[in-house]
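None of the values given here were measured: they were computed from a predicted structure. Counting starts at 1 for both ligands and their atoms, following the listed order. Atoms considered below: every heavy atom in the structure, side chains included; atoms not considered: hydrogens, waters and symmetry mates.
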Amino acid sequence: MTKEKMSGKQRVLSGVQPSGSLTIGNYLGALRQWVEEQYRYESYFCVVDMHAITVPHDPAQLAEKTREVAALYIACGIDPDEATIFVQSHIPAHAELAWILNCVTPVGWLNRMTQFKEKAARQQQESVSTGLFDYPVLMAADILLYQAHRVPVGDDQRQHLELTRDIAQRFNHLYGQTFVIPEAMIRGTAARVMGLDDPTKKMSKSETDSQYHAVYLLDSPDLARKKIMRAKTDSGKDIRFSDDPERAGVNNLLQIFEVLSGMESREAIEAHFEGKGYGHLKSEVADLVLETLAPIQERYRKIQNEPGYLDSILARGAERAGAIAEKTLREVQKRVGFLPRQ
Ligand code: TRP
């Protein structure tokens, strides 16, 4: 193929579910890193709509959110001339490989997945789908189809990455060397931005109980500020990094500040806030967040106003991604003994 093939760069693949609006947690925990690393790797960024239907969803919303997430990838700084941006369901090989991987994945491995247990616990037991249980295998297919070396994800995806490696190893062992064994790339600070309303829970784009849970990338400046000013803290007054669950709210704000301010050390940050109150901390965090959101929102609006632009990016993305995925899938089919169609 093209320049990618000849680049000799390692591949990166990651994805986000279009199951809600992207939050500053998605940006700080994952997207920012994708943007930073996109030139160093041959990058593939996918909108995982097939994962989004593993829990009850609204079909009209799904299509809309799929476009929104893809546009936000670009607005956050993914360069579509450099990275491949695509929609998972546009590439049938994801489902086809997932089936084959299902057949080498022991049920016991899936039984251990903590994210499944958490998500299943939030639903009526009878309505938990088989797809939700199988979610990690589809994710393994996403990664292994592209022979990705590295997978930049949030901290909550560690276990899924481990499973992907186990599945790849097992397949390679059973059928011969086929897959690259991928590695997770997990950012240290702010790999995990916590909910503003409840700092003991990860900030989630699909949380709907409270309006003050998350700042969305497309929130107006007023709303974003209001949410941060209302963030849950504690009854103390020291502004210090801490892993005490009681102080998780202040710690979360400090971590957001740390990433966005680019200040060198935690000591310097604590010194910066010495003698100040929580209101002051919140207002400085809000300033930084608004500064971050402004250019993203401006680019997003430009993309929305250019008819056909996003569709053309996604069509080109599907073309590029599809070629690679097909190649891996053919190889896998041959290895498991499927008769080639003539
Ligand atoms: N499970 C991931 C999440 O919720 C999303 C995802 C699906 C993904 N397929 C992937 C991430 C492949 C990285 C690579 O964050």
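Under a 3.5 Å cut-off, the side chain of K282 and the backbone N or O of A231 do form a donor-acceptor pair. The closest donor-acceptor contact from the side chain of R11 to the backbone of A148 lies at 3.5 Å or more, if one exists at all.
Looking at residues two or more places apart in sequence or on another chain, you find a ring pair (Phe, Tyr, Trp, His ring centres under 6.0 Å) between F116 and F133. Judged as a ring pair (Phe, Tyr, Trp, His ring centres under 6.0 Å), and not counting sequence neighbours, H149 has no contacts. Looking at residues two or more places apart in sequence or on another chain, you find a ring pair (Phe, Tyr, Trp, His ring centres under 6.0 Å) between Y135 and H51, H160.
Note on D156 versus R192: no salt bridge recorded, every NZ/NE/NH1/NH2 to OD/OE distance being 4.0 Å or above.
A distance limit of 4.0 angstrom between heavy atoms and ligand 1 selects the residues L13, S14, G15, Q17, V48, H51, Y135, M139, D142, I143, V151, V153, Q157.
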